[in-house]
Amino acid sequence: MKKVLSGIQPSGQLTLGNYIGAMQNFVKLQNDHECYFMVVDLHAITVPQDPAALREQSEAVATLYVAAGIDPAKANIFMQSHVRGHAELGWLLTTLSYMGELERMTQFKDKSAGKESIGTGLFVYPALMAADILIYNADLVPVGDDQKQHLELTRDLAGRFNSRYGDYFTVPEPYIPKIGARVMSLDDASKKMSKSNPNPGSFIALLDPPDVVRKKISRATTDSGREVKFDPADKPEVSNLLSIYSHCAGLSIEQIEAKYEGQGYGAFKKDLAEVVVSVLEPLQQRYREIRESGEIHNILRQGAERAAAVADQTVRDVKERMGFLLP
Ligand code: AMP
Ligand code: TRP
């Protein structure tokens with residue numbers, strides 16, 4: 001069975017972008033792959049986090065995995081920090097990485113732009129991400145479009161290790177959705193929808209109550225025309241809303257265009273809000289049930305145990321190949 005790994009940072013409220021770009025594919029892949037889905041808390045601390053908020057968001061993201069349909073009987077769900085091998089292999093791979101390649105990472109450039117002091121964790125972060133993936137010898141990594149460059153680096157580091165120390169790591173492939181790989185902000189279609197955007201009107205959080213979702217969608221920026229048409233170059237805002245609609249309703253873009261022909265944006269946005277609410281409401285209901293039951297802690301413990309068994313062996317093998325004196 002092919003192996004799948006992915007992770008989401010507990011650095012804010014998860015958005016519809018995380019759901020469409022990443023989590024929906026996690027759910028799809030769990031049936032016929034060996035899956036590892038983490039909450040990447042070690043990545044979240046590459047920018048300052050309030051301890052209480054980090055703990056709350058970590059539990060929230062893990063719970064959302066299950067609420068979104070990831071089944072702990074099929075996939076390993078765990079906290080990155082509960083499996084020590086990630087930090088350890090992260091360091092070993094950091095020593096194989098070059099300043100130049102890390103400096104080229106656009107996420108690093110974006111997150112460090114305009115800052116006076118830039119954390120070194122933020123800089124070496126892609127080597128830790130490579131460790132996350134390579135430690136399980138994952139074949140496939142379901143992510144949104146913004147992670148493509150980090151995946152490329154992971155592939156380079158795997159190849160570098162293999163050529164220096166002998167073939168060991170699987171060189172992983174990204175698994176990116178065709179539509180929805182880049183869900184854009186509701187207020188600015190040139191930026192991706194992001195949980196770290198200070199304007200909450202720019203994103204739909206998975207835990208936004210239905211009325212908030214309706215308000216945010218009705219206020220979403222659109223052009224001054226009235227034709228509901230998929231045209232990313234000339235109508236980026238409407239095109240973004242169309243791809244959200246398509247994902248949430250399971251309809252093709254053409255079907256939706258035909259449905260709203262000659263009707264203007266009002267009716268389209270109103271229906272879109274209901275389509276999104278119909279996806280989020282059951283998810284939120286399951287979320288509340290799981291939070292109340294406290295069962296996520298057991299799920300995370302079991303997930304980490306199974307993951308650690310694989311991870312520990314990889315770290316041992318890697319250290320042996322690199323010439324460490326083993327205990
Ligand atoms: P992050 O929230 O940065 O930890 O991202 C977690 C996962 O969600 C990654 O696979 C991202 O590529 C994906 N993702 C985040 N935001 C978006 C978005 N606006 N559109 C599509 N995918 C996204
Ligand atoms: N860097 C990813 C992001 O910002 C999160 C992440 C960390 C990840 N480790 C990973 C994604 C391993 C996929 C696989 O979204």
Side-chain angles (χ1 to χ4, degrees), residues 3-27 29 35-47 49 57-58 60-62 64-65 68 78-81 83 85-87 89-90 93 102 105-108 110-111 121-122 124-155 157-158 172-197 202-206 240-241 243-244 247 307 311:
K3 295 188 186 179
V4 168
L5 173 130
S6 197
I8 298 184
Q9 300 190 51
S11 51
Q13 292 219 44
L14 291 202
T15 70
L16 202 58
N18 294 123
Y19 182 74
I20 293 175
M23 289 162 92
Q24 271 196 333
N25 275 335
F26 299 1
V27 174
L29 290 165
C35 289
Y36 298 86
F37 297 126
M38 305 186 283
V39 181
V40 288
D41 47 2
L42 297 173
H43 277 95
I45 60 165
T46 57
V47 297
Q49 298 289 340
Q57 281 154 10
S58 296
V61 174
L64 279 168
Y65 275 175
F78 57 100
M79 301 298 308
Q80 183 185 31
S81 65
V83 180
H86 289 264
L89 185 62
L93 295 179
L102 295 178
M105 296 292 119
T106 56
Q107 193 176 56
F108 171 71
D110 290 348
K111 287 196 177 182
L122 198 60
V124 298
Y125 160 127
L128 178 61
M129 175 160 164
D132 296 341
I133 298 166
L134 301 181
I135 206 164
Y136 304 106
N137 276 302
D139 300 282
L140 280 184
V141 184
V143 282
D145 199 48
D146 61 326
Q147 296 301 315
K148 237 185 184 160
Q149 200 187 21
H150 288 157
L151 245 297
E152 247 342 287
L153 182 83
T154 301
R155 293 166 55 86
L157 288 175
E173 299 282 342
Y175 185 92
I176 295 174
K178 283 203 185 69
I179 308 173
R182 228 177 143 68
V183 178
M184 308 314 280
S185 281
L186 298 180
D187 62 340
D188 178 353
S190 69
K191 288 200 212 125
K192 74 160 191 169
M193 182 182 283
S194 164
K195 58 194 172 199
S196 50
N197 190 316
S202 71
F203 60 80
I204 293 171
L206 295 181
N240 184 42
L241 297 180
S243 62
I244 294 175
H247 251 274

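Read the numbers this way: they start at 1 and go in the same order the structure lists the ligands and their atoms.
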Whether S194 lies under 4.0 Å from ligand 1, heavy atom =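 So S194 does not count as touching ligand 1.
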For atom 8 (O) of ligand 1, the closest protein heavy atom turns out to be N18 ND2, 3.0 Å
Quick one: nearest non-hydrogen protein atom to atom 16 (N) of ligand 1, plus distance?
-> M193 O, 3.6 Å
Element-labelled atoms of ligand 1 that are located less than 4.0 Å from some non-hydrogen atom of [X]:
| X | value |
| --- | --- |
| A22 | 7 (C), 8 (O), 10 (O) |
| R182 | 20 (N), 21 (C) |
| D146 | 11 (C), 12 (O) |
| A181 | 20 (N), 21 (C), 22 (N) |
| Q9 | 4 (O) |
| I8 | 4 (O), 6 (C) |
| G21 | 21 (C), 22 (N) |

Geometric N/O contact Y125 with ligand 2, under 3.5 angstrom = yes
Sub-3.5 Å N/O-N/O distance, Q147 and ligand 2 = yes
Are Y136 and H86 an aromatic pair by the rule of ring centers under 6.0 Å?
-> yes
With backbone taken as N, CA, C and O and side chain as the heavy atoms from C-beta onward, which portion of K195 lies under 4.0 Å from ligand 1: side chain, backbone, both, or neither?
->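 For K195, only side-chain atoms sit under 4.0 Å from ligand 1.
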